[in-house]
Amino acid sequence: MDETEWIHRHPKAEDLRVGLISWAGTYLTFEACKNTVTATAKSLGRRQTWEILVSNEHETQAVVRLKSVQGLYLLCECDGTVCYGRPRTSHHGCFLLRFHRNSKWTLQCLISGRYLESNGKDVFCTSRVLSAYHMWTPRPALHVHVILYSPIHRCYARADPTMGRIWVDAAVPCLEECGFLLHFRDGCYHLETSTHHFLSRVDRLFSQPSSQTAFHMQVRPGGLVALCDGEGGMLYPQGTHLLLGMGCNPVRGEEWFILQHCPTWVSLRSKTGRFISVIYDGEVRAASERLNPMSLFQFECDSESPTVQLRSANGYYLSQRRHRAVMADGHPLESDTFFQMHWNCGRIILQSCRGRFLGIAPNSLLMANAILPGPNEEFGILFANRSFLVLRGRYGYVGSSSGHDLIQCNQDQPDRIHLLPCQPGIYHFQAQGGSFWSITSFGTFRPWGKFALNFCIELHGSNLLTVLAPNGFYMRADQSGTLLADSEDITRECIWEF
């Protein structure tokens, strides 16, 4: 079977949300208990996250509403006060959003013509004369592990550590080199590759962040972003090989990328240790002893449902076909491409929509034969496009803090957790300095252990997972800010975005 063209998926709604930073460096905040909107928060959290709903957009402006994650809207009243609630008329809560060259936004109430502003604490709409106090800096609120897709060239950015360059030439984002960490520091962005290097303004990668790796970001509703130096230079693909470099003359919107959460690609291994691979004519077999591009599958899963779709690098989905054979020829809306997933100590069991469990037949074909699952129906699963995790929970990112010796779960800037696989689904967690995660008798963690411990990872969404800690409890985010492993059941505090 021929490969189909890889179809880029539009960003999810949660990937399109932003935080809005005032001139004072504080975030526009939804105060649920006070029924008000303020700008006092110093970091980006759930209450500082807004969805931009566009009703009409042009090149430099758009008519929008701002919706909080709680489902209520930012509203400007006749007296200039700003609150939240549900719009009473068709124009109530509508703002004229203007995009400025300095990467700032202004929001002008469509009814009164007054601008949204803050004094560093309160938020109001009283002035019709534009000033610096009305400027807001948008910060994408999606997880920091991202990919960059060029809609003009229909390719993804890819870091090349051997040449110290970034190219926009990857047709399928299945490689670890297509993932980047987007750091936000002092109002600027730093783009870090999977090998700990930073994109710079001089067409080569730097080993440390500096003024040469700092970029301003222009943000548009819909996930579009452009990186610039603030002096007229823009980053865009250049030359026949599409080198990502600084220039002043992008054409046809080459400078715009769609910013998305880095997808999850996995490999599956049978009990004999062979990789599940797509081979000739869409057949799926446990035939390869080595990992190859046709052994990679994008893990697509709705967190509200225990079903998963596995998308092959050929663009098709695994699907149960006639005679219970599983083929890589499915399309996204076919019911036969959905498999219910069960977990057993880090190993995954897949059940077809017709009730049979997937296993390996004697001729090595992947088949939906078994009525009850056994060892032949259990598959080892390993991350294929990431050698590290960045975890975000309900209160922030997992990371170290200078004021605590325990690992925290409420950080604005995350730490990488390097993954050392020891068996399918089981990993050692290594801190950034090379030491291992250790666990205390209280279920807390420190990042300077001498011995490697086993952590069991299970996927619960396209970019969601749980971690079973060495003490037998699930790792969870605690409201105090301390990371704990003390939960017997999977609660929402145990679900981690990665």
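Thr213 and Gln208 get closest at one heavy-atom pair: CG2-O, 3.9 Å. Across every non-hydrogen atom of Ile495 and Thr466, the tightest pair is CD1-CG2, 3.6 Å. In this structure, Tyr397 and Asp412 approach most closely via the heavy-atom pair CD1-O, 3.6 Å. Annotation for Phe379 and Leu366: closest pair CZ-CD1, 3.7 Å, computed over non-hydrogen atoms. Across every non-hydrogen atom of Gly346 and Ile381, the tightest pair is O-CG2, 3.6 Å. Considering all non-hydrogen atoms of both residues, Ser295 and Arg290 come closest at OG-O, 4.2 Å.
In this structure, Ser150 contributes its side chain and His153 its backbone to a donor-acceptor pair below 3.5 Å. In this structure, Trp343 contributes its side chain and Leu459 its backbone to a donor-acceptor pair below 3.5 Å. Side-chain atoms of Glu57 do not come within 3.5 Å of backbone N or O of Val64 as any donor-acceptor pair. At least one donor-acceptor pair under 3.5 Å links the side chain of Trp265 to the backbone N or O of Pro173. Of the possible donor and acceptor atoms, one in the side chain of Gln260 sits under 3.5 Å from a partner among the backbone N and O of Arg9. Between the side chain of Asn385 and the main chain of Pro263, a donor-acceptor pair closer than 3.5 Å is present. With Asn463 contributing its side chain and Cys262 its backbone, the two residues share a donor-acceptor pair below 3.5 Å. The main-chain N or O of Ala325 is never found under 3.5 Å from a side-chain atom of His323 such that the two would form a donor-acceptor pair. No donor-acceptor distance shorter than 3.5 angstrom exists from the side chain of Asp478 to the backbone of Leu484, with no hydrogens or angles considered. Of the possible polar contacts, one joining the Gln238 side chain to the Gly245 backbone as a donor-acceptor pair under 3.5 Å is found.
Side-chain N/O atoms of Ser319 and Asp336 include no donor and acceptor closer than 3.5 Å. Using a 3.5 Å distance cut-off with no hydrogens or angles, the side chains of Ser103 and His216 do not pair a donor with an acceptor. Side-chain polar atoms of Gln351 and His342 form a donor-acceptor pair below 3.5 angstrom.
Sorted by first and then second residue, the salt bridge (Lys or Arg N to Asp or Glu O under 4.0 Å) pairs involving residues 296-319 (not counting sequence neighbours) are Glu300-Arg311. Identified under the side chain to side chain donor-acceptor pair (under 3.5 Å) test for residues 165-179, with sequence neighbours left out: Arg158-Asp169, Asp160-Trp167, Glu176-Ser387. Listed by first then second residue, pairs satisfying salt bridge (Lys or Arg N to Asp or Glu O under 4.0 Å) with a partner in residues 372-391 read Arg347-Glu378, not counting sequence neighbours. Note on residues 428-438: pairs passing side chain to side chain donor-acceptor pair (under 3.5 Å), not counting sequence neighbours, are His428-Asn454.
In this view, Tyr395 satisfies the ring pair (Phe, Tyr, Trp, His ring centres under 6.0 Å) rule with no residue, not counting sequence neighbours. Residues that satisfy the ring pair (Phe, Tyr, Trp, His ring centres under 6.0 Å) test with Phe498, not counting sequence neighbours, are Phe383. With sequence neighbours excluded, the residues that form a side-chain hydrogen bond (donor to acceptor under 3.5 Å, both in side chains) with Arg154 are Glu5. Residues satisfying the side-chain contact (heavy atoms from CB on, under 4.5 Å) criterion with Met327, sequence neighbours excluded, are Glu283, Arg321, Asp329. Residues that satisfy the ring pair (Phe, Tyr, Trp, His ring centres under 6.0 Å) test with Phe257, not counting sequence neighbours, are absent from this structure. Listed by chain and residue number, Leu142, Phe180, Leu182, Leu259 satisfy the side-chain contact (heavy atoms from CB on, under 4.5 Å) test with Val146 (two or more places apart in sequence, or in another chain). Remark: Ser288 engages Asn292 in a side-chain hydrogen bond (donor to acceptor under 3.5 Å, both in side chains) (not counting sequence neighbours). Evaluation of the side-chain contact (heavy atoms from CB on, under 4.5 Å) rule for Ala141 yields Arg17, Leu44, Thr49 as partners, not counting sequence neighbours.
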Legend entry - Working for side chain to side chain contact (heavy atoms under 4.5 Å, CB included), residues Phe429 and Val467: CA-CA 11 Å; Phe429 281 10; Val467 178; 4.1 Å; yes
Inset, instruction - Output, in order, the C-alpha distance, side-chain angles, deciding distance and verdict of salt bridge (charged side-chain N to carboxylate O under 4.0 Å, His left out) for Glu192 and Arg416. - result: CA-CA 12 Å; Glu192 184 183 3; Arg416 289 183 185 225; 3.0 Å; yes
Inset, instruction - Apply the test side chain to side chain contact (heavy atoms under 4.5 Å, CB included) to residues Ile166 and Leu148: give CA-CA distance (whole Å), side-chain angles for both, the deciding distance (0.1 Å), then the verdict. - result: CA-CA 11 Å; Ile166 293 178; Leu148 293 165; over 6 Å; no
Inset, instruction - Check the pair Phe184 / His190 against side chain to side chain contact (heavy atoms under 4.5 Å, CB included), numbers first and verdict last. - result: CA-CA 7 Å; Phe184 182 74; His190 302 261; over 6 Å; no
Inset, instruction - Apply side chain to side chain contact (heavy atoms under 4.5 Å, CB included) to Leu483 and Val398, showing your working. - result: CA-CA 8 Å; Leu483 184 66; Val398 171; 4.1 Å; yes
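Side-chain contact between Trp496 and Met475 is present, with at least one heavy-atom pair separated by less than 4.5 Å. Residues Cys301 and Gln309 form no side-chain contact, since every pair of their non-hydrogen atoms from C-beta on lies 4.5 Å or further apart. Residues Asp486 and Tyr474 fail the side-chain proximity criterion, which asks for heavy atoms closer than 4.5 Å.
Electrostatic pairing of Glu493 and Arg476 does not count as a salt bridge here, judged by no charged N lying under 4.0 Å from a carboxylate O.
Within a 6.0 Å radius of CZ in Arg46, no more than 12 heavy atoms belonging to other residues, nucleotides or ligands are found. Summarising the local packing, CG of Asn249 is surrounded by 12 or fewer heavy atoms from other residues, nucleotides or ligands at distances under 6.0 Å. The environment of Arg354 atom CZ is dense: over 12 non-hydrogen atoms of other residues, nucleotides or ligands sit within 6.0 angstrom.
With rounding to the nearest 0.5 angstrom, the CG atom of Leu227 is 10.5 Å from the CZ atom of Arg201. In this structure, CD in Glu51 is found 9.5 Å from OG in Ser68, a value given to the nearest 0.5 Å. Atom CZ of Arg269 and atom CZ of Phe275 lie 4.0 Å apart (nearest 0.5 Å). Here His261 contributes atom NE2 and Ser462 contributes atom OG; the two are 9.5 Å apart, rounded to the nearest 0.5 Å. Here the CZ-CG distance, from Phe388 to Leu419, works out to 9.0 Å after rounding to the nearest 0.5 Å. Taking OG of Ser267 as the start and CG of Leu296 as the end, the distance is 7.0 Å to the nearest 0.5 Å.
Note on ring orientation: taking the six-membered ring where Trp is involved, the planes of Tyr316 and His331 are perpendicular (angle over 60°, cut-offs 30° and 60°). The aromatic rings of His10 and His8 sit perpendicular, their planes meeting at an angle over 60°, well past the 30° parallel limit.
Under the 6.0 Å cut-off for aromatic ring centres, Tyr149 and Tyr156 qualify, their centroids lying closer than that.
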